[in-house]
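Take a look at the structure set out below.
One-based numbering, in listed order, for ligands and for the atoms of each. Positions are given from 1, in the same order as the sequence printed here. Values in this document were obtained by computation on a predicted structure and should not be read as measured data.
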Amino acid sequence: TASEAILSVNNIEVIYDHVILVLKGVSLTVSKGGIVALLGANGAGKTTTLKAISNLLRAERGEVTKGSIEFKGERVDRMTPNELVRRGCIQVMEGRHCFGHLSIEENLLTGAFTRRDGGAAIKRDLEMVYSYFPRLRQRKNSMAGYTSGGEQQMCAIGRAMMSRPSMILLDEPSMGLAPQVVEEIFEIVKDLNTKEGVSFLLAEQNTNMALRYATYGYILETGRVVMDGDAAHLRENEDVKEFYLGVT
Ligand code: ATP
């Protein structure tokens, strides 16, 4: 029901550069405490959907031209990304985007930028992040640019956690990483979900891995949701098996 939803995207259309129609009416719901997978091939519109929610489209000359987006029961379509972060919804962008010339710890601290509470709380949250990501604690003084791809992905998620989010929009965390590193990261995502109560919308091309951790999934094809269902149900679906599970 609607009262259980933390995020609902209602029939949104997205156009780039005033003419390129990329999302053709996408609807999805993330229930409070859920991990929802947004699946589909390269170019299907996963990143565009996440950026539409977090209001990062403007920088790409994109615009939501139809539909509405609600977070915690409030319309958020016209908010700035920072306003959304203050309300508890933050995106971790594809490609990790750590500051390469800053240490891991300095990167994590940049994640606290929207907060108005003091240093003690931020210090406590740094400890919270290190407790989930022991590798980041080990590497806290290393320049992020010299750490591994997996550590940089952890740093990006850890930095998002420093804003004390109730929801993370996570774009393609598996990209370019070895399977065991992907698994390590997904296990931490599951921990953050169960222990910190963070809801996740997870865009992934790695269907197999995503459906092992998600509770529910949506499949996008050229800007439309073509299928959705419980993760267990999608894993058993013949079309999903043929078109998405065989290839990853
Ligand atoms: P990927 O895995 O590559 O991120 P995706 O499913 O996230 O794929 P999007 O990045 O959302 O897909 O792209 C969806 C479509 O929108 C693609 O056809 C892409 O070429 C197009 N597109 C993305 N960004 C822009 C832009 N700034 N201007 C014009 N078209 C764009």
Check if Gly62 has a non-hydrogen atom at a distance under 4.0 Å from any atom of ligand 1. no
Would Ala41 count as a contact residue for ligand 1, given that I'm defining contact as a non-hydrogen atom of the residue lying under 4.0 Å from a ligand atom? yes
If only side-chain N and O atoms count, and only distance matters, is there a donor-acceptor pair under 3.5 Å linking Glu105 with Tyr130? yes
Which of these passes side chain to side chain contact (heavy atoms under 4.5 Å, CB included) with Ile53: Leu57, Thr49, Asn55, Leu56? Thr49
Would you indicate whether the side-chain heavy atoms of Leu38 and Leu50 approach each other to under 4.5 Å? yes
Hey, is Lys51 one of the residues with a heavy atom under 4.0 angstrom from ligand 1? no
If you scan protein heavy atoms around atom 18 (O) of ligand 1, the nearest is Gly43 O, 3.9 Å
Is any heavy atom of the protein nearer than 4.0 Å to atom 16 (O) of ligand 1? yes
Atom 23 (C) of ligand 1 [closest protein heavy-atom partner, distance rounded to 0.1 Å]: Tyr16 CE1, 3.5 Å
Transitively linked via ILVMFWY side-chain contacts under 4.5 Å: Met79 with Val14? yes
With a cut-off of 4.0 Å, which atoms of ligand 1 are near a heavy atom of Glu60? 27 (N)
Atoms in ligand 1 flagged as close to Lys46, the criterion being non-hydrogen separation under 4.0 Å: 2 (O), 5 (P), 6 (O), 7 (O), 8 (O), 11 (O), 12 (O)
For Ile168 and Ala160, which heavy atoms make the closest approach, and how far apart are they? CD1-CB, 4.2 Å
Side-chain touch Ile15/Ile20, heavy atoms, less than 4.5 angstrom: no
Can you find a protein heavy atom under 4.0 Å from atom 31 (C) of ligand 1? yes
Flag the pair Glu196 / Arg164 as yes when at least one side-chain heavy-atom distance between them is below 4.5 Å, and no otherwise. yes
Any atoms of ligand 1 less than 4.0 Å from a non-hydrogen atom of Gln205? List them with their elements. 2 (O)
Quick one: do the Lys32 and Ser166 side chains pair a donor with an acceptor below 3.5 Å? no
Can you see whether Gln205 engages Tyr244 through a side-chain donor-acceptor pair at a distance of less than 3.5 angstrom? no
So, Glu13 and Thr65: side-chain donor and acceptor under 3.5 Å apart, yes or no? yes
Under 4.0 Å from one or more heavy atoms of Glu94, ligand 1 contributes atoms 2 (O), 4 (O)
If you scan protein heavy atoms around atom 3 (O) of ligand 1, the nearest is Asn42 OD1, 2.5 Å
Is there a heavy atom in Gly45 that sits closer than 4.0 Å to ligand 1? yes
Among all protein heavy atoms, pick out the one at the shortest distance from atom 9 (P) of ligand 1; state its residue, atom name and that distance to 0.1 Å. Thr48 OG1, 3.6 Å
With no hydrogens and no angle check, do the side chains of Ser68 and Asn10 hold a donor and an acceptor under 3.5 Å apart? yes
Please check whether Ile20 reaches ligand 1 - meaning an N/O of the residue sits under 3.5 Å from an N/O of the ligand, judged on distance alone. no
Numbered atoms of ligand 1 (with element) below 4.0 Å of Glu172, judged on heavy atoms: 2 (O)
Are Tyr16 and Thr48 linked by a side-chain donor-acceptor pair shorter than 3.5 Å? yes
Return the residue, atom name and 0.1 Å-rounded distance of the protein heavy atom closest to atom 4 (O) of ligand 1. Thr47 OG1, 2.8 Å
Could you tell me the residue and atom name of the protein heavy atom closest to atom 21 (C) of ligand 1, and the distance to it rounded to 0.1 Å? Val22 CG2, 3.9 Å
Sub-4.0 Å heavy-atom approach of Arg61 to ligand 1: no
